[in-house]
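Indexing begins at 1, ligand by ligand and atom by atom, following the structure's order.
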Amino acid sequence: MSRDNKKISGFSKLSKRGKIKWLVENFFKDPEAVARELMNYWLPNTDQQQIIDGFSENTISNFMLPFGVAPNFVVNGHTYVIPMVIEESSVVAAASAGAKFWMDRGGFKANVISTKKIGQVHFQWNGNRDALYRESKVLFEHIREEVRPITANMINRGGGILDIQLKDAFDGESQYYKLMLTFETCDSMGANFINSVLEEAALVLKKFVHDSPVLNQGSGDLDIIMSILSNYTPECLVHVEVACPIEELGTFPDGTSAEEFANRFYKAIRIAHIDTYRATTHNKGIFNGIDAVVLATGNDFRAVEACGHTYACRTGQYKSLTDCSIDDGIFKFWMDIPLAVGTVGGLTAIHPIAKRSLEMLGNPSASTLMMIIAATGLAQNFAALRSLITTGIQQGHMKLHLANILTHMKADENETALVKDYFENKTISFNQVRAFLDELRNGSSLHFESSVK
Ligand code: MEV
């Protein structure tokens with residue numbers, strides 16, 4: 001089937017069925033079967049389906065991901081069940097295992113350090129730099145006044161614009177300036193609020209300079225390049241930690257002692273501070289947990305990821321987001337991480353499952369959600385390192401991945417039981433499971449017979 005000349009105009013105006021029809025007829029070998037399959041995943045409740053469709057454009061179906069929960073999370077003395085949306089086997093199991101481990105050792109202690117968010121208006125201007133700085137105080141007051149219709153509600157809730165600054169970077173780009181606005185957005189993530197304020201502030205800035213006899217000295221109009229929030233929010237920061245005397249770490253499945261474990265754990269963290277290759281995987285593991293909760297609560301996981309990775313290289317080198325110490329016999333493990341999330345507005349109120357996720361967490365404030373998410377990330381990292389420095393991760397990982405392999409191999413109930421029984425105490429790999437099933441299916445598997453009936 002040629003994929004050339006498949007251009008279409010007005011695709012977005014087609015009905016959902018029309019979109020599917022065009023798509024399957026042009027890109028699939030079995031159009032009717034594919035159309036049926038796509039429509040099978042439409043929600044039976046059309047109102048709910050409309051809500052989901054409203055989140056995006058050109059929707060043709062729903063893409064499912066598992067919605068799981070990790071119980072036994074104790075954060076600041078409260079016990080939570082954490083909602084997690086993730087497609088990777090063993091993430092929820094690892095988070096739960098990490099949570100349970102620390103539940104018996106005092107749980108997670110967390111505190112929000114600050115909740116400030118940043119927005120920028122980038123512009124170029126050919127005029128007198130010193131005069132602009134001299135006039136900036138008046139300009140800032142003017143901006144605050146003029147954007148009041150947008151900020152009034154947020155101010156009533158205790159938020160709004162906290163600060164405005166003028167900065168320039170002439171050495172990087174000639175006549176380049178920016179306004180840096182700092183915001184408090186209370187329980188909302190605040191992206192739309194911030195961007196609306198910034199776009200209005202940009203208009204006020206342009207007019208202010210144009211109308212000012214001091215500034216407008218024939219230098220031409222100020223050019224607004226763009227107005228947009230920054231997803232780098234190093235001052236929307238949360239701290240989370242766990243700690244216990246080394247001997248309370250217990251013993252580990254492979255016989256590793258508490259002291260050995262603490263030392264190996266410390267070294268694993270050091271490696272993730274020194275080696276960028278390891279740091280990336282280490283932090284990816286943290287985001288396995290963080291993203292899953294961010295997604296389950298209807299928050300923006302791309303924003304959280306982008307910010308976290310920038311923060312991880314704030315010193316100029318990409319490093320581990322977590323840290324560890326062993327002092328006076330106390331093992332301590334912690335993380336500081338910026339998390340710009342909300343519990344009102346956006347998807348949080350309209351996605352039916354996101355609403356339930358927040359309810360499951362006791363309808364937390366944005367600050368409490370920051371602490372819960374950070375604890376999940378720390379638990380995830382703890383569980384990953386605990387496996388890595390003792391048994392390795394493949395043992396547990398492949399056991400959980402077995403279900404995917406069996407689905408892929410279209411194993412029936414009896415085959416599934418035989419495979420699970422046979423691999424109970426063996427290393428699982430895709431090839432070995434396939435070989436086992438091949439033998440089973442070719443009838444030459446008598447020597448594989450298990451106790452499973
Ligand atoms: C796998 O998704 C995540 C880990 O690789 C994280 C890590 O290595 O720390 C297990």
Side-chain angles (χ1 to χ4, degrees), residues 65-70 73 82-102 108 240-242 249 252-254 256 260-296 301-302 304-306 308-309 311-313 317-326 331-337 339 373-405 408 427-430:
L65 287 174
F67 177 59
V69 296
F73 264 85
I82 309 287
M84 300 179 84
V85 173
I86 182 106
E87 88 298 351
E88 186 178 330
S89 328
S90 82
V91 167
V92 176
S96 308
K100 189 126 186 282
F101 183 94
W102 285 105
F108 298 84
V240 62
E241 65 175 58
V242 287
L249 287 168
F252 294 85
D254 67 337
T256 304
E260 278 168 338
F261 177 84
N263 288 329
R264 292 172 72 77
F265 197 98
Y266 178 80
K267 283 178 196 163
I269 296 283
R270 288 303 311 144
I271 290 168
H273 276 261
I274 294 163
D275 181 77
T276 306
Y277 286 90
R278 175 56 205 151
T280 307
T281 318
H282 178 97
N283 288 345
K284 186 271 184 185
I286 296 171
F287 279 104
N288 275 345
I290 289 182
D291 283 355
V293 193
V294 171
L295 205 49
F301 62 92
R302 287 87 58 213
V304 167
E305 279 261 356
H309 293 299
Y311 190 73
C313 58
Q317 190 199 323
Y318 187 88
K319 291 181 179 184
S320 163
L321 284 162
T322 53
D323 219 326
C324 172
S325 66
I326 301 172
F331 172 86
K332 187 167 145 187
F333 176 47
W334 72 92
M335 170 168 70
D336 287 349
I337 186 163
L339 288 172
I373 294 173
T376 313
L378 196 72
Q380 202 75 51
N381 190 223
F382 179 80
L385 293 184
R386 181 170 68 161
S387 295
L388 285 169
I389 63 169
T390 56
T391 54
I393 59 155
Q394 281 312 82
Q395 198 183 42
H397 194 86
M398 290 310 284
K399 225 172 219 159
L400 289 166
H401 189 52
L402 183 60
N404 292 340
I405 300 176
H408 185 86
T427 308
I428 296 164
S429 76
F430 188 89

Is the number of heavy atoms from other residues, nucleotides or ligands under 6.0 Å of Tyr266 OH greater than 12?
no
Pair Asn263-Lys267, side-chain donor/acceptor within less than 3.5 Å:
no
Scanning both residues in full, the closest heavy-atom pair of Gly285 with Gln380 reads O-CG, 3.1 Å
Nearest heavy atoms of Ala375 and Phe73, plus distance in Å
O-CE2, 3.7 Å
Identify, chain by chain and in numerical order, each protein residue with a heavy atom under 4.0 Å from an atom of ligand 1.
Glu88, Arg278, Thr281, His282, Lys284, Gly285, Asn288, Ala384, Leu388, Ile393
So Phe430 and His408, would you call those rings parallel, tilted or perpendicular, with 30° and 60° as cut-offs?
perpendicular
Are Phe265 and Phe382 an aromatic pair, judged by ring center distance below 6.0 Å?
yes
